[in-house]
Amino acid sequence: MNAHCVTDDELHAYVDGQLAPERRLFVERWLADDPDAARRAEDYRAQAALLHELFDPVLREPASGPVEELTGKLRGRMPGNDNAGPWHARSWVRMAAAVMLIIGGAGGGWLGRGAVDQSPVVQQRQTLQTFAEEATQAHRFYTSDERFQVELGADNQDELNSWLSKRVGRDVFGPDLGKVGLRLIGGRSLPTELGAGAQYMYVNEANKRVTLFVGAPRSGNPAKFGFSQNGDVATIYWVEGPLAYALAGRMSKEDLLRVAEAVYNDVKAGPRRPEPQQQNQQNQQPPQDQPPQPQQDQPPAGVQPISDTHKPKDS
Amino acid sequence: MSTFGVELEVHIASLRRYARALLRNRSDAEDLVQEALTRAVARADTFKAGTNLRAWLFTILHNVHVNQVRSKASRPDEVDVDSVESKLVTPARQEERVELREMMRALDDLPEEQRKVLLLVALEGLKYEEVAETLGVPIGTVMSRLSRAREAVRAKLANEGSVALRRVK
């Protein structure tokens with residue numbers, strides 16, 4: 001085993017992402033030459049992935065009342081606490097915590113999983129992952145050329161939202177991301193494995209683009225969410241209520257997480273001008289001061305959907 | 001958002017996941033976390049700002065758990081129906097897949113000291129030094145328990161003919 005001066009401990013450290021960087025190359029060379037060791041490393045990783053699959057759902061469960069209360073107490077009591085004030089958006093914080101735990105997981109978790117098998121549960125998860133991949137590809141594709149970035153601009157957001165809602169078959173809307181410096185410029189509908197999806201495109205002052213992909217999964221699986229990094233594009237995806245979201249951008253996961261927080265909060269708060277049918281969305285509380293808008297049934301006249309002329313596939 | 005607040009929240013989420021994986025029963029796990037946090041609140045002033053919050057919290061949880069196990073062992077007459085039941089009841093639908101069931105079983109079959117190390121490292125991503133600190137054992141012990149745990153699980157999964165575990169990539 002130690003023919004190449006690589007120890008058993010080092011194999012574990014390699015799998016757990018705790019190996020000194022200067023030893024990494026040695027271990028990788030050893031693994032390339034020793035199929036048994038390579039298989040061990042792979043099996044250890046698979047074990048970690050299974051553990052995550054079994055127990056990550058706990059991260060999405062609300063903590064018990066006493067645990068919540070004690071968390072608040074502890075926050076106030078600990079030295080080094082820089083903010084003892086009121087604690088907002090608890091569910092978001094829980095999700096952010098969960099995303100961080102999954103991102104931070106060494107080697108295992110959702111990050112390193114390839115195609116394992118094809119049981120229905122796995123298929124469902126893969127569908128969500130596929131959704132995230134499609135979101136990433138769509139981000140790449142439609143941010144590459146400004147001329148084709150949106151089908152319909154955001155000049156009239158009601159029009160945009162109701163048109164995309166019709167395509168997706170659910171009420172969707174482009175959240176207001178002004179708080180994180182992003183302006184909605186428009187959207188498009190795209191075929192996905194989950195049916196039609198809506199892509200909302202945002203831009204910041206530095207002309208950097210972020211896209212939010214929204215789709216309706218066939219069966220809701222609220223325990224599943226994750227993070228993927230594909231080249232320079234980072235994607236955070238999750239399921240909330242009846243919809244799946246994938247947020248993609250060329251930025252660090254921390255920055256993207258901040259945008260995801262804004263999306264999450266705004267989706268929770270609901271659209272600023274709710275339409276009647278949006279009440280069937282989970283936890284929607286339409287603002288009282290706005291009368292419901294009459295629902296528009298026909299697609300807006302100004303739409304020239306590019307995807308209609310060369311529909312890639314019937315979804 | 002307060003960085004400290006999120007950090008604390010992350011660690012507590014991690015504690016809850018670990019407690020569940022260790023005890024496998026939702027209410028036992030929440031009770032364990034609750035008791036650990038109660039103690040953490042009482043001892044908040046012993047935590048030195050800038051030191052390892054995660055290791056501090058996990059150490060408290062571990063000590064509470066050890067005490068719970070000890071006091072349970074001193075009352076052997078009480079039949080713990082809940083824990084028996086929790087072993088019998090398949091907790092959730094995510095166990096539909098054979099390999100998940102096998103993983104769960106392999107985890108159950110591990111001696112507790114090995115199970116703890118495996119969960120802290122592979123599930124919670126603790127550094128080996130943090131695990132040593134948490135469990136109060138030398139790092140060499142952590143490594144040997146980790147190695148034994150992983151090989152035992154590996155043998156179990158292989159025996160069950162879980163070829164699907166072999167990943168394509």
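All values below were derived from every heavy atom in this structure, side-chain atoms included, with hydrogens, water molecules and symmetry-related copies excluded. The structure displayed is predicted, hence computed values, not measured ones. Proteins get letters first, then strands, A, B, ... in listed order; numbering begins at 1 in each.
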Practice task
Take B:Glu30 and A:Glu61 through the test side chain to side chain contact (heavy atoms under 4.5 Å, CB included) and record every step on the way to the result.
Solution key: CA-CA 11 Å; B:Glu30 285 292 307; A:Glu61 288 172 9; 5.9 Å; no

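Going from atom OG of B:Ser14 over to atom CZ of A:Phe55 covers 13.0 Å, rounded to the nearest 0.5 Å. To the nearest 0.5 angstrom, B:Met103 atom CE is 11.0 Å from A:His52 atom NE2. To the nearest 0.5 Å, atom CD of residue A:Gln47 and atom CG of residue B:Leu123 are 12.5 Å apart. With rounding to the nearest 0.5 Å, the separation of CD in A:Glu10 from CE in B:Met143 is 9.5 Å. Residue B:Gln34 holds its CD atom at 6.0 Å from CG of A:Leu70, rounded to the nearest 0.5 Å. We find the CZ-OG1 distance between B:Arg16 and A:Thr71 to be 8.5 Å, quoted to the nearest 0.5 Å.
Between B:Ala122 and A:Ala48, the shortest heavy-atom contact is O-CB, 3.9 Å. Pairing each heavy atom of A:Asp8 with each of B:Ser147, the nearest pair is OD2-OG, 3.0 Å.
Counting only distance, with no hydrogens or angles, the side chain of A:Gln18 and the backbone of B:Tyr128 share a donor-acceptor pair below 3.5 Å. Within the 3.5 Å criterion, the main-chain N or O of A:Asp43 finds no donor-acceptor partner in the side chain of B:Arg150.
No salt bridge links A:Asp56 with B:Arg20; every basic N to acidic carboxylate O contact stays at or beyond 4.0 Å.
Between B:Leu107 and A:Leu54, every side-chain heavy-atom pair lies at or beyond the 4.5 Å cut-off.
Both the backbone and the side chain of B:Leu146 come within contact range of chain A, with heavy atoms under 4.5 Å apart. Contacts of B:Leu32 with chain A are absent, with no heavy-atom separation under 4.5 Å from either backbone or side chain.
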